Each structure stands twice: as C-alpha cells, then as structure tokens.
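Heads up, the thing below is written out as structure tokens.
In listed order, ligands and their atoms are each counted from 1. This chain uses plain numbering: 1 for the first residue, then up along the sequence. What you are looking at is a predicted structure, and each value in this text was computed from that prediction instead of being measured.
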Amino acid sequence: MWSRIQSRARDMTGAAALVWFKRDLRVRDHAPLAEAMHLEGTLGLVVIEPQWLESPECDPRHVGFLLDCVAQLQRDLAARGLTLLVRTGAMPQVLESLRREFSFTHLFSHEETGPGWSYTRDLAVADWCRSQGVQWTELPQTGVVRRLRSRTGWAGRWAQRMNAPEAPAADAFKAAPGLQACAVPTLRELGLPALAAPLPAGGERAAWATLDSFLGGRGRDYRRAMSSPLTAAEGCSRISAHLTFGTISMRCVHQATEARIAATPDRSLAYGLRGFASRLRWHCHFMQKLEDEPAIEWRNVARSVDGLRAGDGVHEGAIDRERLQAWCEGRTGFPMVDACMRQLRATGWLNFRMRAMLVSFAAYHLWLHWREPGLFLARQFLDFEPGIHWSQMQMQSGTTGINTLRIYSPAKQARDQDPQGLYIRRWVPEIGTAAYPRPIVDERTAVAAAKDQLYGLRKTHAAQTEASAIQHKHGSRKSGLPPTATTKRRTRAAPEGQGQLF
Ligand SMILES: Cc1cc2nc3c(=O)[nH]c(=O)nc-3n(C[C@H](O)[C@H](O)[C@H](O)COP(=O)(O)OP(=O)(O)OC[C@H]3O[C@@H](n4cnc5c(N)ncnc54)[C@H](O)[C@@H]3O)c2cc1C
C-alpha cells in the first residue's frame, strides 16, 4: 500500500499539502504525514475549534492535555523540517484564510469517528475542498471501518489493519515557505479557567513511557488489579487518554504488546498482557457502533425503551435534578459511589468496573436517563472517546436492548473491592459523621422498580424483534460468524468487561 501511495505522491509535481492533525498528535505511524512527505511543500495544522470548546462534552482538562500534546508535536515536527501552525476558529474559515497565505492543493488527515458536530464540520470541510479544487484524503488510523456493510468479518479486518506495517517514518519535509509556527496558546488565551490539579503528561514520549512501563512489568497483575480502585490506577495500562488524543497509534500499542508477549519468559506477565491485548480490540469495536449509528450519542439504541425514563426527550417529565446533582457531586449517601465520583472528579480517570457502577447507580437506583449523566462523565474522563463512551453509557443503563442487565450493588462492590474501607475513607473522609448524607434512595425499592420496568419491557414482542435487528447490526461476532439464536442474548455473567460487548 505504501509504495502505491509514494509513487502517486512522487508524481505530484508542484503539489503542496496541508496535514490536518486532529486526534492523532504524533509523528510515528502517521499515514497522512507519510503521504505528504514527498510533496513540494507541506505544512501541519492544528485547529482549536469553537464547536469543540463549546460542546457539552468538553472540559478545560481536555483542552489542557491537547495543548501539551501539541506543544511537543510542534517541536518534534520542527526537528523534521515541518512547521505546525495552531489556529483557532471554525475549520472551513481557517482553511479559507490559510489558503491566502499558502496555496495548498491537498489536504491530508485521519478519519475521525466523533460527535455530531465533528461530522457536520467534516461535511463543511468537504464542501469547501470541492469548491476550491483541493483534494482531501482521509486515512484510517484505528480498526473502525467507514461505510461498513456488515459486522461479519470485522474482527479479521481489525487484525489485518493492526498487523500491517506502520506508516513509513516521516522524517524530512520540504517545508512550505514563508509561514512560521507561532506559540501554542494557553488555556487563559483561549478564555478557559486554569486547572485545579496537574494533568498526566501529554505527548508521544509520555505515551510510549506509559506503554513501556506497563509492558515492562506493570501489566503482570493486570487481570487481578483492574477491578479494585485501590489497585487499578497502577495495574491498568493508563494508555486510554493517549489513544484518545492519538499520541500513540492503536497499531503500535497492539504490535508492541504482541511482541512483548512473544518475547517474555515471564508467564505471569504474558498472561496479564494477553488480557490487555484483547481489550484493545474492544476500543475499536465500540467506536464502530458510533460510526455505524451516529444517533447513539443522544438516542436509545433500543427504541422500545424510549419514554421509560424522564429526560430522554420522549418521556414528558424532566430529569430529577436533585438526584443528578447529588450523583455528580459525590454525595448520594452510598459511600462507594461517592468515593468513585470524587476520585474521578479529582483525577480524570477511573477503572472500568467503577465507571460501570457509577452509571448503573444513576440508571437503576436513581432512574436517570443516561444522556445528562453521560455528558457530565464525558467532561470528567480525560480519555473521553465518544464511540466507547456512549456505547458504554447505554449498555450500563440497559438501553441497548440486547445486553444482560447488570445492576451493581455499591455495598457489594465495597465489600469485594475495598474490604478494609481504605479507598472509601480516602475519598469520603467524613464517612460515619453527621456531615455525611443519608442515602438519597431506598436501594431495595429502587432496584426492584427498575427491574420490573425493564424486564417487563424486554418480554414484549416488539422489544424481542428489535433486539435481533440490533444484534445483527452492532453485535460482536464470535469467530467472525453471523449471529445465531444462541449468541443473540447473553445470559451468563462474563468476566470483567466481557459481557459489555453489545
Ligand atoms: C460508562 C463508561 C464509559 C467509558 N468511557 C470511556 C471513554 O470515554 N474512553 C475510553 O477510552 N474508555 C472508556 N471506557 C472504557 C474503560 O473504562 C476505559 O477504556 C479504561 O478504564 C481506560 O483505562 P486504561 O487505559 O488503563 O485501560 P486498560 O484496562 O489498560 O485497557 C487498555 C485499553 O483497552 C481499551 N478498553 C479497555 N476496556 C475497554 C472497554 N470496556 N471498552 C472499550 N475499550 C476498552 C481502551 O482503549 C483502554 O485504554 C468507559 C467505560 C464505561 C463503563
């Protein structure tokens, strides 16, 4: 593939390219950079878009992390002779004004599976390129397949992409004359507040250091450590924010992991890393759902549950603001829920099981529709990745129509994952005093009512017919085979996270 691209590139005498960096803030394994390398003049571009800053999912933490990544990328590209411009504004307008300074004929970028506003923006960019005779080439960077016809065979395609060679090193450019890189803006210059706590280091070097420390030994206890919030922060890879901002490619993570598994004589490490390796596929599996059905970020996957909970745009009532606020603030009176929420707010990260418990609590105990809690969590997660996030929000809320309802008991999670109460006391120091609130709902009554409603609905003919269609469109396939009656519904509890594949 690369030789074909390069011979095409060499033919393009006089062609000049703009490489548009989005969630791919790296040099290594960067296909658009490799494409642009042989052109007559090349310029890199990062655009800080008002639509992003104003979107309800965006938090200053995300912006701060991005700026850190961009500053490093700018230096790394400069060392290769490429200027990286950072502009603020709507993409079509930025392109329009840039074209007056630099007459580019080609635009290269990675494909993006993002929220609705990014799709609308891409349509506007495509229109602008057409009107200006600029050729826009978008290249895949994950296992997500554009215009996928069927999920059958998807896992094989994922493996094919992930095992393909990295994009050629982009190490020497013919720079576009006349344009100088300017400083990366600060949060303040963007009109955003300073961050309350420091962020993890951004950029490509931090991504590799994080991965290397995990593959080098931290991953040994992965399967055991991932469930408890006491051990997960060290025992999980912590690569998620880097994958979200693209400071490392999924292909590099996959290949480095497979190479380490093959090379290490340490059987415990290999066992841990195999568990990690399988989750990398889930990343793309979930993103594929948003690619295939963009409406899942705001509408129930199973339309048969529409109107069930207030706040879904169909139910006539409004979401219970008092409950929502208590949940967001970590003062529900359920210590494990409050501790997790407070950790998340303070650090921007939480392990999978505790994320799932937070959502299950909002959905079943508090009977809140997932959209507003989901927006709040999106702002808290530094690794916010729309395709994974909205799929998981819906799964943990019981609105996909096909997954086993998984209702987490906060008390059981506390017993299992924090038996001595160390974690809870750390994040909820006022526990046991009059300052700590009483439970905001009666757990037994709330969960029984939630089960009644959802199980009752699932028995209906309409819900069952819809479930088959959903499984066919989005469901994971075992061995790449089409779904059968036995894979249609999962009834057995699966290991950590596995039952989460809808
Ligand atoms: C309600 C909810 C929302 C979530 N939102 C996000 C999100 O916005 N962004 C995000 O990256 N992950 C999300 N996850 C999935 C998961 O919790 C995180 O990927 C994981 O905790 C990140 O930490 P890590 O990199 O140390 O994970 P590790 O356990 O080390 O896993 C390695 C990588 O595998 C992928 N992965 C692991 N578990 C899952 C999973 N269940 N689904 C999909 N991919 C997975 C991720 O890319 C992750 O970085 C969400 C889970 C839930 C329950």
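- When L377, L280, L358, N351 are ranked by how near their heavy atoms come to atom 33 (C) of ligand 1, first place goes to L280.
- Using a 4.0 Å cut-off to heavy atoms of F286, the atoms of ligand 1 that qualify are 42 (N), 43 (C).
- Under a 3.5 Å cut-off, the side chain of Q394 and the backbone N or O of V301 do form a donor-acceptor pair.
- Heavy atoms of Y222 approach ligand 1 to within less than 4.0 angstrom.
- Residue-ligand proximity, E385 to ligand 1, at heavy-atom distances under 4.0 Å covers atoms 7 (C), 8 (O), 9 (N).
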Inset, instruction - Given ring-ring contact (aromatic ring centres under 6.0 Å, His included), test F65 with H242 step by step and report yes or no. - result: CA-CA 10 Å; F65 192 76; H242 290 290; 5.7 Å; yes
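- Note: D59 CG to L375 CG = 12.5 Å, rounded to the nearest 0.5 Å.
- No heavy atom of V253 sits closer than 4.0 Å to any atom of ligand 1.
- Between R355, H242, H389, it is R355 that holds the heavy atom closest to atom 20 (C) of ligand 1.
- Less than 4.0 angstrom separates some heavy atom of L350 from each of these atoms of ligand 1: 21 (O).
- The shortest N/O to N/O separation between S240 and ligand 1 falls below 3.5 Å.
- The contact set between ligand 1 and W282, taken as ligand atoms under 4.0 Å from a residue heavy atom, comprises 39 (C), 40 (C), 41 (N), 43 (C), 44 (N).
- Between S237 and ligand 1, an N or O atom pair is found at a separation short of 3.5 Å.
- Classified by interplanar angle (parallel below 30°, tilted 30° to 60°, perpendicular above 60°), the ring pair Y222/F276 is perpendicular.
- Under the 4.0 angstrom criterion for non-hydrogen atoms, R238 is in contact with ligand 1.
- Considering only non-hydrogen atoms, atom 52 (C) of ligand 1 lies nearest to Q392 out of Q380, M250, Q392, E234.
- Checked by atom type, the side-chain pair Y423/Q417 shows no donor-acceptor distance below 3.5 Å.
- Applying the side chain to side chain contact (heavy atoms under 4.5 Å, CB included) test between L366 and each of I440, V337, I319 identifies I440 as the sole match.
- Within the 4.0 Å heavy-atom criterion, both parts of D383, backbone and side chain, lie near ligand 1.
- Close contacts of ligand 1 with F276, meaning ligand atoms under 4.0 Å from a residue heavy atom, involve 30 (O), 32 (C).
- Ring centers of W390 and W298: at least 6.0 Å apart, outside the cut-off.
- S227 and M354 make their closest contact through O-CE, 3.8 Å (heavy atoms, listed as atom of the first residue, atom of the second, distance).
- Shown in contact with V359 at under 4.0 Å from a heavy atom are these atoms of ligand 1, numbered in order with element: 1 (C).
- Residue W349 has at least one heavy-atom neighbour below 4.0 Å for each of these atoms of ligand 1: 22 (C), 23 (O), 26 (O).
- Annotation: salt bridge (charged side-chain N to carboxylate O under 4.0 Å, His left out) contacts involving residues 224-235, sequence neighbours excluded, comprise D221-R224.
- Listed by first and then second residue, the salt bridge (charged side-chain N to carboxylate O under 4.0 Å, His left out) pairs involving residues 374-394 are R355-D383 (not counting sequence neighbours).
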